Structures are given as structure tokens and as C-alpha cells.
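First comes the structure, then the notes that go with it.
Please read these numbers as outputs of a predicted model, since none were measured by experiment. Hydrogens, waters and symmetry mates play no part in the numbers below; they use all other heavy atoms, side chains included.
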Amino acid sequence: MIGLFLIELIHAERGNKMKKKWVLAFLSIAVFCSLAACSGKKEGQGTTEAATKQLETTVEAEETEKAEEAAEKQDEQNGDSLRVISLKGPTSIGLVNLMDKTEKEGLAYSFQMEASPDALLPEFVSGKADIATVPANMAAVLYQKLEKDLYVLNINTLGVLYGVSGNAEVKSFSDVNGKSIYSTGQGASPEYLMNALLKENHVSADLEFFTEPTEIAARLKENPDAIAILPEPFATATLLQNSALERKFSLTEEWNKLYAGANLPTAVTIVRKSFYEEHKALLENFLKEEKESIEAVEQDIDTTASLMVKYGILEKEELAKKAIPNCNVHFIDGEEMKKDLEKYYEVLFTADPKSVGGALPDAEFYFSLG
């Protein structure tokens, strides 16, 4: 999906929406936490740097569009509704109970799901969406690019990456030493996370990256002894389809061993500070509703699985039931959120400063009701 005509696309007419969407294709390589990677083994080039440059250009273009459409946005909004956009997958699971409640009770929310960041980002940056659930490191990048006009409201999803293999010799993370590992996410959080865990455990491995988890599943079918890092719910789907494979280790558990007391965040909920200041009551009520929706996931897996199928996150209810516990949907805010994200950003910053926007977020990034 990568094109070479970015300059032309950025200056395209405002009405040409399809062209403008292509600008963000580069960003998904660098910031998408668990669903993006690169096809085959990549050439030795800086995907993070390239994606960050594209985000800078995109933010400028979308800011211009936002200013042009300010009047239209105000007419549509009138201060009485909240537009929520999320990535299809684990980061949307925590919202499905609220989606259902909104439909049944006519609440003042609207929901939109997108398959990738390159579809989600223009909606949020331009102001067409008010709230977004995004990969945790993307929030840090946006904080810098939007001149700190951003709050991270909460963590909504913890670690979703798992080691999968049919190799009998692999029983734990340390057993990957000297072996090849298939993964998604080159130049993004999965790569930085894996490198940190390998380094801290004094283990070495050859990471080979692919664009889609489906490519990795095909490789595992040919060679079940290979080792793969897969995100949920794809890890569960792959295990159900290939009985030769087993879930060998969790990167979340490995993180917890290294950084006791700090959770591994995958996705967060964000809002523009300027929007919050104008709609405090609406936002604060949404946070209560979001928390209740996430807690309902943990309390009622069967209902949540049914709603995941209803709203198009997964096609099969049985798969959803098996995957939900491994998706680590949790609501964490306040000081605990700040502590978890600070450690996460510190690890990513050490790996590559551009992965968090070139600087660690300051205290004003973290939202608190006080």
C-alpha cells in the first residue's frame, strides 16, 4: 500500500479523500503495534524515520483541512455528541458493550472502526473523530506532532503478543536463543519490545519480519518447528487451525519479569486537550461509560463474544470466546497509567527515540480528573 507520490497527494484538492488517505500508509509501518509489519525480509532502511516524516507532513495537511472544516464540524457536533474511532481488533473489544448500550438507549455517542492507522489518523487529526483508541506509542508520537494538544486518557489494552511454535525444544522465552523468529512490526513496538526482551534476557535471535500474520501462519504450516510472535486474536485463530502448534510464552509475562510493578501497555484512549476543555462533562461521562464497558468484558465473556461478532470484530463467536482472555482488555488510568506508560516509553525511547516522537512525553501528557 506504499506509494511514492506523497507531495502530490498532500496538495491534492480537499475533495479528493481517497488520495489523501494514502499519505498515512507509511505511518502504519512504524507505529502500528500489533497488526503491521513488512512483507518478506526488509531491506536495511529506517522505516521508523520514514514513517515519522510522513506523519509530520500528514499532520500539516490535516490541520489545514481541520481549519477549513471548523464551521462544518461545529454544526454537526453542537456539543451534544461524541464521535469515537478505534482500530478493529483488541483495541475495540473494550468498546463493544458501550456500542450495544448506545444502540439500545440512544446515548450521545457514535462509533467508527478502521482496520489500520492510515485510515484512523486522518479522522482524528482533522477533528472528524473526537476520541480515538490507538497503539500506545502512536499517542506519544502524536503528542509531539500536535504540539502537545493531546491527552492520553487511559490504557484500554495490555499485552497481546505471544510466542507460538510446534518446536518441542521451545518451552520458554529463553529457548529462542540462536533461533529464527517470525514477527510483524518492523520499525514499530513489536520489534523494539522483542529487542529489549532479548537484550535483558541475554538471548540472541534472528528476527524476520512480515507484513501480515497470515504470511506467518503459512510459514508455520510448512514448518511447525519455526517460532513466531503473533498478536491476538490471530494467535488463537492460528492455534485452532494448526494442531501442531502451541502457545509457548507471553511477551507480557516476560515484560512483567523484567519490570516488576509495571504493566505492558498495547493501546490507549486519546483526546485533544482543546476538545476536552470545551466538552468536559461529555468526556468525563464517556470515561465512566468506557470503564464500565471494559469491566463488562472481563465479567461476561459470552456476551462480549456475541457483540464482537455483531459489530464485525470477529466472524465466529467461539473464536472470540477463546481469544478474549488473551487480549488483556483492561481499564487503567491516573497514576498507574502514568507509571506503566512512562516505563514503556522509556524502553522504546532507548531503542529508537523516533518511536515515541523524538522525546519522552512530559507530565502534561497524562490526563487526570484530579
Side-chain angles (χ1 to χ4, degrees), residues 17 66 69-116 119-134 139 150-157 233 267-317 320-321 323-324 327 329-334 367 369:
K17 302 296 183 183
K66 179 185 176 185
E69 297 181 352
E72 178 184 345
K73 176 188 172 185
Q74 189 61 38
D75 289 340
E76 294 175 353
Q77 188 171 294
N78 290 324
D80 61 358
S81 64
L82 188 65
R83 296 160 299 180
V84 184
I85 190 167
S86 60
L87 288 171
K88 186 177 180 180
T91 62
S92 290
I93 295 174
L95 294 173
V96 294
N97 288 285
L98 182 53
M99 291 178 188
D100 191 54
K101 183 178 180 181
T102 296
E103 184 178 330
K104 291 177 178 177
E105 301 180 14
L107 302 182
Y109 307 125
S110 63
F111 296 90
Q112 176 181 345
M113 279 190 292
E114 297 292 349
S116 62
L120 179 151
L121 278 173
E123 302 293 297
F124 180 76
V125 171
S126 68
K128 294 176 185 176
D130 308 312
I131 288 277
T133 64
V134 300
L150 192 81
Y151 275 133
V152 58
L153 299 168
N154 56 64
I155 296 169
N156 55 61
T157 311
V268 298
T269 308
I270 60 173
V271 68
R272 290 260 197 166
K273 290 179 180 178
S274 51
F275 183 87
Y276 170 74
E277 291 302 324
E278 296 175 4
H279 306 86
K280 287 185 178 182
L282 184 63
L283 262 295
E284 290 171 10
N285 187 66
F286 169 79
L287 291 177
K288 294 177 183 177
E289 298 276 12
E290 183 189 19
K291 182 178 182 180
E292 291 176 1
S293 182
I294 288 174
E295 289 174 346
V297 173
E298 301 173 276
Q299 296 165 3
D300 191 346
I301 289 177
D302 289 350
T303 297
T304 300
S306 176
L307 293 175
M308 286 173 65
V309 174
K310 176 181 178 180
Y311 292 108
I313 296 176
L314 286 177
E315 293 182 359
K316 297 181 179 180
E317 196 168 317
K321 289 179 182 179
I324 287 171
C327 289
V329 179
H330 294 289
F331 185 94
I332 302 174
D333 61 359
F367 176 79
L369 284 173

Please identify each residue that fulfils salt bridge (charged side-chain N to carboxylate O under 4.0 Å, His left out) with Lys310, with sequence neighbours left out.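 Residues passing salt bridge (charged side-chain N to carboxylate O under 4.0 Å, His left out) with Lys310: Asp100, Glu103.
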
Tell me, please, which residues at least two apart from Glu114 pass salt bridge (charged side-chain N to carboxylate O under 4.0 Å, His left out).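 Glu114 satisfies salt bridge (charged side-chain N to carboxylate O under 4.0 Å, His left out) with no other residue.
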
Do [X] and [Y] meet the criterion of a side-chain donor-acceptor pair at a distance under 3.5 Å?
X: Asn154; Y: Glu290; answer: yes
X: Asp130; Y: Tyr109; answer: no
X: Tyr276; Y: Glu284; answer: yes
X: Thr269; Y: Asn156; answer: yes

Any side-chain heavy atom of [X] sitting closer than 4.5 Å to one from [Y]?
X: Leu107; Y: Phe286; value: no
X: Glu298; Y: His330; value: yes
X: Ser293; Y: Val96; value: no
X: Phe331; Y: Ile155; value: no
X: Gln112; Y: Arg83; value: no
X: Leu283; Y: Leu82; value: yes
X: Val271; Y: Phe367; value: no
X: Leu95; Y: Ile294; value: no

Would Val268 and Val134 count as a side chain to side chain contact (heavy atoms under 4.5 Å, CB included) here? Give the steps. CA-CA 6 Å; Val268 298; Val134 300; 4.1 Å; yes

Can you list the steps and then say if Val297 with Ile324 is a side chain to side chain contact (heavy atoms under 4.5 Å, CB included)? CA-CA 8 Å; Val297 173; Ile324 287 171; 3.9 Å; yes

Over all atoms of both residues, closest heavy-atom pair of [X] and [Y]:
X: Val309; Y: Glu315; value: CG1-O, 3.7 Å
X: Thr91; Y: Ser86; value: O-CB, 4.4 Å
X: Lys88; Y: Gly312; value: CE-O, 2.6 Å
X: Ala129; Y: Ile85; value: CB-CG2, 3.6 Å
X: Leu314; Y: Ala320; value: CD1-CA, 3.7 Å
X: Thr304; Y: Asp300; value: OG1-O, 2.9 Å

Check the pair Arg272 / Tyr151 against side chain to side chain contact (heavy atoms under 4.5 Å, CB included), numbers first and verdict last. CA-CA 6 Å; Arg272 290 260 197 166; Tyr151 275 133; over 6 Å; no

[atom1] of [X] to [atom2] of [Y]: how many Å apart, nearest 0.5 Å?
X: Thr303; Y: Glu317; atom1: OG1; atom2: CD; value: 9.0 Å
X: Thr133; Y: Leu87; atom1: OG1; atom2: CG; value: 6.0 Å
X: Met99; Y: Met113; atom1: CE; atom2: CE; value: 4.5 Å
X: Ser306; Y: Ile301; atom1: OG; atom2: CD1; value: 13.5 Å
X: Lys288; Y: Leu369; atom1: NZ; atom2: CG; value: 8.5 Å
X: Asn97; Y: Gln299; atom1: CG; atom2: CD; value: 9.5 Å

Taking only residues two or more places apart in sequence or in another chain, which ones pass side-chain hydrogen bond (donor to acceptor under 3.5 Å, both in side chains) with Asp302?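 Checked Asp302 against side-chain hydrogen bond (donor to acceptor under 3.5 Å, both in side chains); zero matches.
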
Report, as yes or no, whether the 6.0 Å neighbourhood of atom NZ on Lys291 holds more than 12 heavy atoms from other residues, nucleotides or ligands.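 Counting other residues, nucleotides and ligands, NZ of Lys291 stays at 12 neighbours or fewer.
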
